[in-house]
Amino acid sequence: MLQASGSVAPEIGLLAESVERFCLGEHRLGGDELAIDLPELSRCINLLQLKFSEMAATFAQTDEYDRECAYSPIHWLRTNCHLTAGAAGDRLAVGERLRNVPQSAEAMAGGEIGFSHLALIAREAEASAETGTNSEFDETRLLDKARDYTVGRFRNFCHHQRHAADPGRYASLEVDAVEGRTLGLQAGEGGMLWIRGVLDPEGGNALRTALEPLARRKGQGDHRNRGRRLADALVELAQHGQRSHLQVTTSLETLLQRAGAPAADVEFSLPISGAAMRRLACDCNVTRILLGADSQVIDVGRSKRTVSAPMRRALDARDRVCRWPGCDRPARWSAAHHVVHWSQGGPTDLDNLVLLCPRHHWMVHEGGWQIVRTEDHGFTTVPPQLDWYAARARGPDHRAA
Ligand SMILES: [Zn+2]
Ligand SMILES: [Zn+2]
């Protein structure tokens, strides 16, 4: 029987034998053999987690983490044991609540439930203690469900239980979480923007639901890492709602990318390049203010060069999605790209327009790619013909963009 502390020692002794067999001894490779060995190895790992939890809870009682300048035991565990905050919290909860969940620990030692189940039960014991009803905490019902449910389903069950036990408190915790929302935007060197924040579960879920589909890889040539893809997705999301408010002030020289031309001014950020300006100017939702050589305003707002609403509807109906080969970003997320830019005499009519999503629009204007008309009224792409850096230095114009 497992006790509150020091009690897993005999189990750990047995564990050493198993671990030795798995790691050093007769390693078995058949599928049927692995199907027996893997759950047993998992049970061994769980017992080690239990031992870790007991030791971590004991450690948290000391002031060693404080002496080592950590903010909390969880902070110390994160840094020194390379755990996430959630994993460190789980281990502390198990270690500190072991006396409240002896049957569950026993069930885990016997391989009936996993460590994650045990951690959820321990967290429930913790929550119960916080509401001052610890004496009533009964692990039996939870343990019965843990035996039957996968970890994900059991987590949901625990939330339902907590809600059923005290709906008012559950709702007030949600309110606290919303009150804890914060987002910091800090301008850095070179116009970079640092973002730091935290969201409550509902807000976080809403953000991830919006970002994750936009952050998927786009085809085999997409080598962006996850962080870059999420950042691109965030910008895409912001542009989706805000593009109509974007105001750009530029000169004709900049738009034509002539040597010596100044950059273009935008609200809320540093000046942007002529290449980026041309990409933005492709889209009808940009309000542009064109300045002549003497800084006189020569063109304000939308003109016949921009895509009218009926033409945009016709374009959406024709292309339906981004026309980059293999891309399926829907029309409403895509920009109307002028195959021959209007500043170079390209007409704003359907034959010269193509829908491109933000990523692929960027690749055409700034990434050195070209999208060109084929004889059968389709489109094809031409990769940068020089190396990447040379292609970027060359700019996006050429014939097509
Ligand atoms: Zn364009
Ligand atoms: Zn695309």
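What's counted below: heavy atoms across the whole structure, side chains too, no hydrogens, waters or symmetry copies. We count ligands from 1, going down the list as the structure has it; atoms in each ligand are counted the same way. Counting begins at 1 with the first residue of the sequence.
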Which residues pass the side chain to side chain contact (heavy atoms under 4.5 Å, CB included) test with R226, sequence neighbours left out?
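Checked R226 against side chain to side chain contact (heavy atoms under 4.5 Å, CB included); matches are R208, E212, R229, L230.
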Quick check against the 3.5 Å criterion: does H117 have a side-chain atom that pairs as donor or acceptor with the backbone of G114?
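Checked: pair present.
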Would you indicate whether the side-chain heavy atoms of N100 and E139 approach each other to under 4.5 Å?
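Not touching, per the 4.5 Å side-chain cut-off.
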Validation row: Q370, V364 side chains within 4.5 angstrom (heavy atoms):
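SC-SC contact between Q370 and V364 ruled out.
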Could you grab the protein N, O or S atoms closer than 2.8 Å to the Zn ion (ligand 2) for me?
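The answer, once waters are left aside, is C322 SG, C327 SG, C357 SG, H360 ND1.
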Can you name the N/O/S atom of H337 that is nearest the Zn ion (ligand 1)?
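Nearest N/O/S atom of H337: ND1.
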For R123, enumerate each residue passing the salt bridge (Lys or Arg N to Asp or Glu O under 4.0 Å) test, keeping only those at least two apart in sequence or located in another chain.
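Applying salt bridge (Lys or Arg N to Asp or Glu O under 4.0 Å) to R123 gives D90.
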Going by the rule side-chain hydrogen bond (donor to acceptor under 3.5 Å, both in side chains), which residues pair with E68 if we only count those two or more places apart in sequence or in a different chain?
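With neighbours one apart ignored, the set is W76.
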